[in-house]
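A short worksheet on the structure shown next.
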Amino acid sequence: MPVLRVGNASGFYGDRFDAMREMLTGGELDVLTGDYLAELTMLILGRDRLKDPGAGYARTFLRQLEECLGLAHERGVRIVTNAGGLNPAGLADAVRRLADRLGVPVRVAHVEGDDLTAAHPGSLAAHAYLGGFGIAECLREGADVVVTGRVTDAALVTGPAAAHFGWGPGEYDRLAGAVVTGHVLECGAQATGGNYAFFHEFHRRGGDLRRPGFPLAELHEDGTCVITKHPGTGGLVDVGTVTAQLLYETAGARYAGPDVTARLDTVRLTQDGPDRVRIEGVRGEAPPPTLKVGVNRLGGFRGEVAFVLTGLDIEAKAALVREQMTDALAKSQPADVRWDLVRTDRPDAPTEETASALLRLVVRDRNQEVVGRALSGAAVELALASYPGFHVLAPPGKGSPYGVFEDVYVPHGAVDHVAVLHDGRRVPVPPAHDTAVLDRAVLDTGVIDTAVLDTVPEPPLPEPPPHGPSRRAPLGLIAGARSGDKGGNANVGVWVRSDDAWRWLAHELTADRFQQLIPESRQLRVTRHLLPNLRALNFVVEGILGAGVAAQHRFDPQAKALGEWLRSRHLDIPESLL
């Protein structure tokens, strides 16, 4: 069967508004996807739904579609999106009303069954991550627009691929290839050079990073694909940009999903021409017997005061204000108190900003009054009675709500996965028939007669590099990195671009060395995974993000820059690699 061209026009709720039009007008496409959901987005949509039961979906998608629905129809491009969020039926109805108003004859279907909020009392939103076969059913029955709620990001590609090529649930290698394809596309411009470690090389190589284009995949019936972008668009697609995205928010050799477990250790990447990277060799295994459920709750309220400390005696100024706030904190007794002194100051600084440090006070409690104006007001009352140069970054606040994310697991049969077709028919999507537990340690799933996959053997290390002169230098001179969040955990993928560099990296950057370089990980569990085909290591740091991004546990709550911090740390690097 001919190639299926799948493009992406959104990597998150708030991504570039014009991307949908750019993708529809920039070149050939069969399917255009849009990923609008993340753990934090589900919490935001949940709060929207509290105010308006008819809300709960990504409203920007509708505004984009108002400009582009006719264009998609004219070009025969189908649209598949998870913008339905907490209310896919509501968004599907809104798309139908929009189509009627515009006079565009499109068939709109949606997928539901992911909402398990009622089964998790006290949660704001609890949604299972569904696979792609509900999407496939909608497309097979003629839908032009398919709206989903919480499906896996890759399902936006596996669904169209299964429908187009006629794949069944057991075709694991093909499905795994589509999962890898979907994972590369899901974050939009991250695959075309956005957030890329070696961005400074783009101009020399003819790439324009000011406005990178969005990616597309030429997907084949055997599950292989080529990642590319529309001609003339900005950015760059090469083995490095694709490797970076492959490592994003993943862990070890197995990348588990509801339709298939993809083996990331089998992925092979080759440059197939300018802005073209071929992905092949992906193997798949049966999916696990359970589905992940993202549970979002309101954790309480958070207050913050940022004191600005300028010039001399920074440490003494910080100590004084902490002592002065002792009485206020003792009186209000917030459940959690955190002080952080951020030394952004420099000696003999040419500007006041660069002469200043920040002392951040963050408090959390279930009671909004405890973290609200009484506390921040106490800080402001020090304005004329504290350290010289006293001021704060923002006026007193009343305390803002924060969320807590938890992932739990339920058997496939615990959800009613349904494709609601454009003509109103409801087609149940059966759960995976064959499943396999990924680890013998998690057999207490309530699922019986399921296979157990053998542990993936640790790949052999390459031969160590020969001894030679070395120089103290930043890791990032030879290694790229990309990091991200999964609940309270962070992952940091690190890769290099030559075999010689891989021989060094695999031996040098152990889990222990990672903890030496990233001090806040030293009391946490850090697991290292080797991916030799990609010349990459993937580190999972458990618990570094507390209760997830919405809890704002640390300065960088989604660990987006954790990889860049690692790249800035100095090691003894062989001079032959520098």
Side-chain angles (χ1 to χ4, degrees), residues 2 4-11 13-37 45 48-49 52-112 132 134-149 151 155-157 159-160 163-164 185 188 213-214 216 230 233 418-427:
L4 178 68
R5 294 178 177 84
V6 182
N8 172 281
S10 176
Y13 190 10
D15 209 344
R16 195 160 83 215
F17 187 87
D18 294 337
M20 184 179 290
R21 175 173 289 277
E22 292 169 10
M23 290 301 289
L24 288 170
T25 58
E28 290 187 53
L29 275 184
D30 301 305
V31 177
L32 184 61
T33 68
D35 179 11
Y36 292 77
L37 301 184
L45 295 176
D48 287 348
R49 192 170 58 174
D52 176 5
Y57 55 78
R59 297 182 183 276
T60 52
F61 171 74
L62 267 182
R63 298 203 301 272
Q64 290 172 300
L65 211 58
E66 185 160 11
E67 294 184 4
C68 297
L69 186 60
L71 186 60
H73 178 66
E74 290 169 9
R75 297 189 170 222
V77 178
R78 291 168 146 184
I79 295 175
V80 178
T81 180
N82 61 16
L86 277 59
N87 188 6
L91 179 56
D93 285 341
V95 173
R96 292 186 188 99
R97 291 192 297 270
L98 174 65
D100 289 344
R101 178 164 60 83
L102 297 176
V104 180
V106 296
R107 293 162 293 194
V108 183
H110 74 275
V111 177
E112 60 185 41
I135 296 170
E137 187 66 31
C138 293
L139 293 172
R140 287 182 183 123
E141 293 295 328
D144 302 301
V145 178
V146 180
V147 173
T148 78
V151 296
L156 301 178
V157 173
H164 182 77
L185 296 186
F214 276 62
L216 65 94
H230 283 325
T233 57
V418 176
V420 184
L421 306 183
H422 62 277
D423 57 8
R425 285 180 292 144
R426 299 176 62 85
V427 180

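Since the model is a prediction, treat every value here as computed from it, not as a measurement.
- For G188 against N8, the heavy-atom pair with the smallest separation is CA-OD1, 3.4 Å.
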Audit row: L62, V95, side-chain contact (heavy atoms from CB on, under 4.5 Å) steps and yes/no: CA-CA 7 Å; L62 267 182; V95 173; 4.0 Å; yes
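- At distances below 3.5 Å, at least one donor-acceptor pair connects side-chain atoms of N87 with backbone N or O atoms of G54.
- Cation-pi geometry between R63 and F61 is not met: the NZ or CZ atom fails to fall both under 6.0 Å from the ring centre and inside 45° of the normal.
- Contact detail for V147 and P88: the closest heavy-atom pair is CG1-O, 3.7 Å.
- The structure places OG of S10 at 8.0 Å from CG of N82, a figure rounded to the nearest 0.5 Å.
- Among residues two or more places apart in sequence or in another chain, the side-chain hydrogen bond (donor to acceptor under 3.5 Å, both in side chains) test is passed with E137 by none.
- Between atom CG of residue L45 and atom CZ of residue R59 there is a gap of 9.5 Å, rounded to the nearest 0.5 Å.
- With Y57 contributing its side chain and G149 its backbone, the two residues share no donor-acceptor pair below 3.5 Å.
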Side-chain donor/acceptor pairs under 3.5 Å, residues 24-34, sequence neighbours excluded:
| residue | atom | partner | partner atom | Å |
| --- | --- | --- | --- | --- |
| T25 | OG1 | R21 | O | 2.8 |
| D30 | OD2 | R5 | N | 2.8 |
| T33 | OG1 | G7 | O | 3.1 |

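- Taken to the nearest 0.5 Å, the CD1 atom of I79 stands 11.5 Å off from the NE2 atom of H73.
- Of all the heavy atoms in Y36 and A58, the pair that sits closest is CD2-CB, 3.9 Å.
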Derivation and outcome, side-chain contact (heavy atoms from CB on, under 4.5 Å), residues E66 and R101: CA-CA 10 Å; E66 185 160 11; R101 178 164 60 83; 3.0 Å; yes
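- Sequence neighbours left out, the pairs with a member in residues 76-100 that pass salt bridge (Lys or Arg N to Asp or Glu O under 4.0 Å) are D93-R96.
- In this structure a side-chain-to-backbone donor-acceptor pair under 3.5 Å is present from H164 to P2.
- The two residues C68 and M20 make their nearest non-hydrogen contact at CB-SD, 3.7 Å.
- You'll find the side chain of E112 reaches within 4.5 Å of the side chain of R426, heavy atoms only.
- In terms of heavy-atom proximity, A136 sits nearest to G159 at CB-O, 3.4 Å.
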Salt bridge (charged side-chain N to carboxylate O under 4.0 Å, His left out) between E141 and R107, worked out: CA-CA 10 Å; E141 293 295 328; R107 293 162 293 194; over 6 Å; no
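- The CG atom of L69 sits 10.0 Å away from atom CD of E74, with the distance rounded to the nearest 0.5 Å.
- Scanning all heavy atoms of the two residues, the minimum distance from P160 to V157 falls at CD-O, 3.3 Å.
- For the atom pair T148 OG1 and L37 CG, the distance stands at 7.0 Å (nearest 0.5 Å).
- A 4.5 Å side-chain heavy-atom check between M23 and L216 finds at least one atom pair inside the cut-off.
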